[in-house]
2 protein chains.
Amino acid sequence: MKKVKRTTIYDIADKLGITASSVSRALNNSSQVNEKTKELIIKTADELNYKRNILASNLRKGQSKTIGVVVPRINQNFFSNVIAGIEETTYQKGYNLIICQSGEDHDKEIQCVNTLINQHVDCIVISVSADSYDYQHLQNVIDHGIQLIQFDRVAEELETLKVINDNVQASFEAVSHLIEGGYKRIALLEGPQNLNIFKQRKEGYLKAFKMYNVPVIDELIVENAWTKELGAEGTRKLLSLPNPPDAIFASTSDFSALGVLDVANAMGIKVPSELGICGYANESFSEITSPSITTIDQFSVYMGNTIANLFFQEIGNTDTTAKPKIISIKPELIIRGSTKRNK
Amino acid sequence: MKKVKRTTIYDIADKLGITASSVSRALNNSSQVNEKTKELIIKTADELNYKRNILASNLRKGQSKTIGVVVPRINQNFFSNVIAGIEETTYQKGYNLIICQSGEDHDKEIQCVNTLINQHVDCIVISVSADSYDYQHLQNVIDHGIQLIQFDRVAEELETLKVINDNVQASFEAVSHLIEGGYKRIALLEGPQNLNIFKQRKEGYLKAFKMYNVPVIDELIVENAWTKELGAEGTRKLLSLPNPPDAIFASTSDFSALGVLDVANAMGIKVPSELGICGYANESFSEITSPSITTIDQFSVYMGNTIANLFFQEIGNTDTTAKPKIISIKPELIIRGSTKRNK
DNA sequence: CTGAAAGCGCTTACAG
DNA sequence: CTGAAAGCGCTTACAG
């Protein structure tokens with residue numbers, strides 16, 4: 001690739017016999033420049049195929065018009081949807097997105113965050129990885145004066161802007177739905193409890209039991225069952241109990257629920273009549289399994305939009321004493337075949 | 001958010017009573033600086049919580065260490081996987097990714113590309129949108145001396161680096177598989193023919209017919225059936241023909257194949273015995289429909305890795321006379337329930 | 001309305 | 001091994 005000399009504002013100024021100041025002003029559509037010359041400058045810029053050097057502009061202005069995003073995995077439905085949502089609304093405002101994946105690894109997450117601080121991004125949007133145990137790197141973001149927005153998986157103790165799902169309420173509704181459907185022994189597949197979202201989903205599960213005055217059975221709660229494989233493994237254990245469950249709430253994800261369904265199918269257990277199944281996240285496949293899986297929709301693209309809008313709102317905000325905002329999005333229970341039994 | 005004054009190399013230099021030059025050298029691990037002072041500088045930088053301003057550094061060096069990616073949609077399995085792959089390998093080399101979505105819209109695509117040129121990215125990776133009819137904006141990238149890499153959906157006439165799938169071969173194998181399975185009237189759901197990938201998939205379809213000496217039946221080729229809905233619509237038409245097909249190759253995507261399956265199920269047509277179905281792209285759901293859908297895996301994450309590696313290889317390449325490389329990845333036919341019939 | 005000048009925070013060729 | 005100086009391409013307060 002040969003090196004190309006790019007057109008600068010000086011080239012334009014030289015050609016027109018004026019100074020770079022005027023060119024800069026014209027190109028920024030400043031009002032304090034003659035309309036005629038402005039037109040001429042813009043025309044000439046176009047002819048010379050001029051593109052502003054944003055690096056220089058941002059360096060001078062002390063901003064980057066860039067937002068950094070850190071997620072565990074880009075290619076996971078929920079996250080790619082949130083990113084799509086963020087991109088959708090930031091793009092219109094001339095902001096760019098730098099995307100990093102932490103790969104559910106604490107050290108890589110720290111690395112990602114540092115990279116973004118180096119890049120002088122204006123804002124960092126993050127959903128923390130599953131094995132994050134310490135949030136010094138996030139505090140570091142704040143100390144650098146960079147806006148920090150946490151979403152979905154958040155470190156609650158940090159006072160930052162947050163966009164979250166009401167996981168307690170969603171789980172509560174899901175389990176209530178199961179109880180009302182006549183299921184008596186409802187098991188829970190739970191995720192790593194250091195992640196707030198999984199803790200909250202368990203809370204919602206317990207809340208429903210309390211509400212309906214149903215006793216909680218400890219042996220029906222399976223830890224760390226948050227992949228398809230682990231979900232399947234947990235299910236096998238549950239179904240081999242002397243007193244097996246008649247419903248399973250895979251609170252971690254639809255992937256986990258899919259593991260449940262696979263095992264049930266393999267063991268010849270009928271869903272939903274003998275076993276009810278509820279997942280989480282409304283992955284595209286949950287609609288097309290047989291039976292289709294009851295799940296919870298998190299409005300992920302909308303969540304992305306919300307995050308972006310929150311950022312733009314905060315830029316304008318000069319009141320530094322205000323408490324950081326927390327926006328909670330109410331997810332929606334989607335009832336499908338896996339829990340619809342004819343009583 | 002309060003404005004924070006960041007530490008610069010001058011702050012470090014002042015504190016140590018040396019010049020910024022030495023600080024810069026030390027921080028860049030230059031060999032021409034005293035080991036002792038280097039250590040001291042690094043230690044001090046750390047104490048002052050110094051983060052290099054990459055904007056300034058890149059401006060000075062005339063590079064951005066940033067790669068722009070333009071895809072129709074971020075939240076589509078294939079694309080999010082490719083992006084994940086690119087990120088995986090570029091991240092290690094200290095490069096960042098700026099992601100844009102064209103939304104299958106030619107004008108937005110042009111906008112995205114211009115934004116990336118403005119950002120002075122070192123490379124633009126693009127998969128063109130379905131309604132792109134003109135490639136002036138891509139030529140523009142080249143004219144700006146920015147490395148251009150096209151992938152999957154490419155404008156063939158442009159001489160650029162390309163990473164593609166061997167669509168012809170993959171389709172050929174899929175259709176051959178159907179023919180060998182005893183299917184006689186094999187329909188094709190095709191995508192917009194202005195996209196090279198869909199043209200090639202049709203080519204592979206036709207090639208298989210020729211190879212096995214089977215006549216092509218025009219009424220079994222359905223145009224523009226590249227979503228689930230359009231796939232379903234096309235299938236309804238096909239199945240209501242006086243002489244309907246006994247297999248359908250949904251060459252556009254598994255979504256389209258899913259539409260076929262839905263219609264077949266709704267009409268009580270048995271898959272695979274009465275109707276064989278083959279999709280494209282190995283979407284996660286294709287494995288869990290019933291029956292599971294035969295499809296083609298494109299190794300999308302690997303494709304992303306390949307793109308990144310190609311870029312790094314080209315940076316080092318000074319031979320400007322060499323023809324731009326085209327890397328073709330051979331997809332793999334994955335045979336599943338929807339085409340496995342007991343003859 | 002226009003220009004001259006300084007500066008954003010780095011890097012690097014040149015001198016010593 | 002270290003420093004002084006110029007420059008990457010912009011923007012903007014200051015003067016006129």
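Remember, it's a predicted structure, so these values are computed and weren't measured experimentally. Per chain, numbering begins at 1; letters A, B, ... match sequence-line order.
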About how many Å separate [atom2] of [Y] and [atom1] of [X], when rounded to the nearest 0.5 Å?
{"X": "A/Q119", "Y": "A/C100", "atom1": "CD", "atom2": "SG", "value": "8.5 Å"}
{"X": "B/C112", "Y": "B/I98", "atom1": "SG", "atom2": "CD1", "value": "11.5 Å"}
{"X": "B/I146", "Y": "B/C123", "atom1": "CD1", "atom2": "SG", "value": "9.0 Å"}

If the test is side chain to side chain donor-acceptor pair (under 3.5 Å), which one of B/K108, B/Q101, B/E109 qualifies with B/S129?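 Testing each of B/K108, B/Q101, B/E109 against B/S129, the sole residue satisfying side chain to side chain donor-acceptor pair (under 3.5 Å) is B/E109.
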Strictly below 4.0 Å, heavy-atom distances to any atom of DNA chain C: list the hits from residues 10-25 of chain B, or just say none.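 Output list: B/Y10, B/S21, B/S24, B/R25.
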Atom-pair distance ([atom1] on [X]; [atom2] on [N]), nearest Å:
{"X": "B/K61", "N": "C/dC10", "atom1": "NZ", "atom2": "C1'", "answer": "9 Å"}
{"X": "A/L59", "N": "C/dC8", "atom1": "CG", "atom2": "C1'", "answer": "4 Å"}
{"X": "B/I9", "N": "D/dT2", "atom1": "CD1", "atom2": "P", "answer": "15 Å"}
{"X": "A/Q32", "N": "D/dG16", "atom1": "CD", "atom2": "C1'", "answer": "13 Å"}
{"X": "A/R6", "N": "D/dG9", "atom1": "CZ", "atom2": "P", "answer": "10 Å"}
{"X": "B/Q119", "N": "D/dG9", "atom1": "CD", "atom2": "P", "answer": "16 Å"}
{"X": "A/N28", "N": "D/dC10", "atom1": "CG", "atom2": "P", "answer": "10 Å"}
{"X": "A/N34", "N": "C/dC1", "atom1": "CG", "atom2": "C1'", "answer": "7 Å"}

Short question: side chain of A/S24, backbone of A/A20 - any donor-acceptor pair under 3.5 Å? no
Would you mind listing every salt bridge (charged side-chain N to carboxylate O under 4.0 Å, His left out) that reaches into [range], with sequence neighbours excluded?
{"range": "residues 146-160 of chain B", "answer": "B/E104-B/R153, B/E159-B/K323"}
{"range": "residues 9-23 of chain B", "answer": "none"}
{"range": "residues 16-39 of chain B", "answer": "B/E35-B/K38"}

For a 4.5 angstrom cut-off between non-hydrogen side-chain atoms, does B/N140 reach B/I117?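 Result yes, sub-4.5 Å side-chain heavy-atom pair found.
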DNA chain C in dot-bracket, Watson-Crick or G-U pairs under 3.5 Å, [ ] crossing, | other strand? |||.||||||||.|||
Among residues 36-58 of chain B, which residues get a heavy atom nearer than 4.0 Å to DNA chain D?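 Per residue number, the list reads B/T37.
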Should the pair A/K93 and A/F311 be classed as cation-pi, given the thresholds of under 6.0 Å to the six-membered ring centre and 45° from the axis? no
Between A/F78 and A/F151, what is the ring plane arrangement, given parallel below 30°, perpendicular above 60°, and tilted in between?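 If you compare the ring of A/F78 with that of A/F151, the planes turn out tilted.
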